[in-house]
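One is the number of the first residue; the rest follow in order along the sequence.
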Amino acid sequence: DPESCFLAAGSPVFDIDGIKRLEVMAGGARSTRGNLDWSPDRKNVVFTPDPHGWLEVWETPREGFKYALSADPAEGKSETENEEADAHGVGVMRDAWIRGDLSAHPMLAARVVAPSRVNLDILGEYVELLSTWYGRCICIPERNNTAGGELIQQIKQRGLPLFHSKKSNPNRGGKFTLEEGHRTTEASRKELLSGLQAAIREGEIDVLCPHAVHQLKTFVQKTNGRWEHADGEHDDDVFMMALGLYALPLATEYKVQREM
């Protein structure tokens with residue numbers, strides 16, 4: 001069966017019971033698909049339901065809640081021109097909250113419909129609209145490849161809040177400098193993913209997207225010890241969610257703009 005096939009390629013990175021919890025959750029969840037567009041005066045972003053839209057939403061922006069946008073962009077045209085190629089992973093994570101006796105775990109609130117293989121200029125527009133809709137929330141793109149660098153430049157040009165990570169600088173006596181976005185190295189890869197791993201194991205994250213849950217389920221540790229997608233699978237959603245969870249301490253609070 002398919003499950004045995006991917007297990008043969010490596011051991012699951014994420015807790016099996018935690019994944020089963022997410023599968024049940026995603027199986028019973030309802031989302032709204034649609035598009036985001038600018039209002040005529042470009043002061044606001046408007047969501048319009050559309051069964052063929054580019055955005056899938058599980059939770060619309062809510063006042064007082066905190067959000068972070070994460071992006072794992074695919075590299076170049078060669079990776080976006082066929083169904084087997086890597087795709088962009090872009091989504092918004094909502095932070096945990098407590099309101100009296102009520103509480104909720106961090107949650108994937110919305111995402112660009114998967115798989116997304118649009119050109120980077122279009123992806124930049126999606127990021128701007130999505131960040132703006134969620135209160136101009138902070139953006140954390142992975143910067144490992146050329147696509148990541150291009151997306152970072154678009155985020156800066158569009159005036160969006162950009163996540164900066166610390167980077168040790170040997171030319172400055174090992175002191176830290178700030179780097180735009182997040183660079184995933186072999187050293188930081190497991191550290192980044194371990195946060196997501198712990199949240200899934202402890203049942204402290206909610207993911208209602210079946211596509212994302214499938215990628216979590218088929219993310220394995222290979223025989224060489226590396227954590228990555230099983231053969232024939234993808235992991236753009238895995239890194240998108242890991243980045244979003246990582247950025248939540250700096251998540252942006254959503255505030256409704258009221259006219260004076």
Side-chain angles (χ1 to χ4, degrees), residues 26 29 31-38 45-60 67-94 107-134 137-155 157-158 160 162-163 181-182 184 196 207-219 228-229 232-245 247:
S31 63
T32 302
R33 190 163 170 174
N35 295 304
L36 292 176
D37 295 290
W38 291 104
V45 169
V46 180
F47 177 76
T48 305
D50 179 347
H52 305 292
W54 58 265
L55 184 66
E56 191 168 11
V57 181
W58 290 271
E59 182 179 287
T60 56
Y67 301 94
L69 182 152
S70 54
D72 179 21
E75 176 71 32
K77 182 179 179 181
S78 62
E79 288 198 9
T80 58
E81 62 188 2
N82 65 74
E83 294 184 358
E84 297 301 319
D86 284 346
H88 309 302
V90 179
V92 170
M93 192 75 73
R94 189 256 298 137
M107 172 190 177
L108 181 63
R111 64 156 311 147
V112 174
V113 172
S116 174
R117 298 184 174 90
V118 298
N119 290 336
L120 284 172
D121 59 331
I122 297 175
L123 188 68
E125 178 72 6
Y126 287 176
V127 167
E128 182 178 12
L129 288 164
L130 193 50
S131 170
T132 303
W133 195 43
Y134 281 93
C137 66
I138 193 167
C139 302
I140 176 169
E142 187 176 55
R143 62 167 300 132
N144 285 37
N145 52 34
T146 303
E150 291 182 17
L151 184 58
I152 285 172
Q153 291 306 311
Q154 290 203 43
I155 290 171
Q157 290 168 6
R158 296 170 189 272
L160 301 173
L162 177 61
F163 179 94
H182 184 277
T184 306
L196 180 59
V207 182
L208 308 184
C209 173
H211 188 276
V213 173
H214 175 78
Q215 287 200 5
L216 291 170
K217 183 177 181 178
T218 57
F219 193 76
E228 61 185 11
H229 59 78
E233 300 291 343
H234 297 279
D235 57 19
D236 42 282
D237 285 0
V238 174
F239 282 93
M240 175 260 288
M241 290 183 287
L243 287 165
L245 201 62

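Side-chain contact between D37 and V46 is absent, with no heavy atoms from C-beta onward closer than 4.5 Å. Looking only at side-chain heavy atoms (C-beta outward), L129 and N35 stay at 4.5 Å or farther from each other. Taking 4.5 Å as the limit, some side-chain heavy atom of H234 sits within range of a side-chain heavy atom of Q215.
D72 CG to E142 CD: the interatomic distance, rounded to the nearest 0.5 Å, is 4.5 Å. Taken to the nearest 0.5 Å, the CD atom of E128 stands 11.5 Å off from the CG atom of L36. Rounding to the nearest 0.5 Å places SG of C209 at 7.0 Å from CE of M240. Between the NE2 atom in H88 and the CD atom in E75 there is a gap of 10.0 Å [rounded to 0.5 Å]. For the atom pair L55 CG and R33 CZ, the distance stands at 9.5 Å (nearest 0.5 Å). Interatomic distance, R111 CZ to S70 OG, rounded to the nearest 0.5 Å: 9.5 Å.
With N119 contributing its side chain and D121 its backbone, the two residues share no donor-acceptor pair below 3.5 Å. No side-chain donor-acceptor contact under 3.5 Å links S131 to the backbone of V127. Looking only at distances, no side-chain donor or acceptor of E59 sits under 3.5 Å from a matching main-chain atom of M107. Looking at N144, its side chain does come within 3.5 Å of a backbone N or O of T184 through a donor-acceptor pair.
The heavy-atom pair separating M241 from A212 by the smallest distance is CE-CB, 3.7 Å. The two atoms that bring G244 and A68 nearest to each other are O-CB, 4.4 Å, heavy atoms only. Annotation for W58 and L108: closest pair CE3-O, 3.9 Å, computed over non-hydrogen atoms. Of all non-hydrogen atoms in E56 and S31, the two that sit nearest each other are OE2-OG, 2.7 Å. Taking both residues in full, the closest heavy atoms of I140 and A247 are given as CG2-CB, 3.7 Å, listed atom of the first, atom of the second, then distance. Across all their heavy atoms, N145 and A74 have their closest contact at ND2-C, 4.4 Å.
The salt bridge (charged side-chain N to carboxylate O under 4.0 Å, His left out) test applied to D236 returns no partner, not counting sequence neighbours. A search for side-chain contact (heavy atoms from CB on, under 4.5 Å) contacts involving L162 returns P141, I152, I155, K156, H164, E180, not counting sequence neighbours. With sequence neighbours excluded, the residues satisfying ring-ring contact (aromatic ring centres under 6.0 Å, His included) with Y134 are Y67.
The aromatic rings of F239 and F219 lie perpendicular to each other, with more than 60° between the two planes, well past the 30° mark. Using bins of under 30°, 30° to 60° and over 60° for the plane-to-plane angle, the ring pair W133/F47 lands in the parallel bin.
Each of L151, L123, D237, V113 was scored for a side chain to side chain contact (heavy atoms under 4.5 Å, CB included) with V90, with one residue passing: L123.
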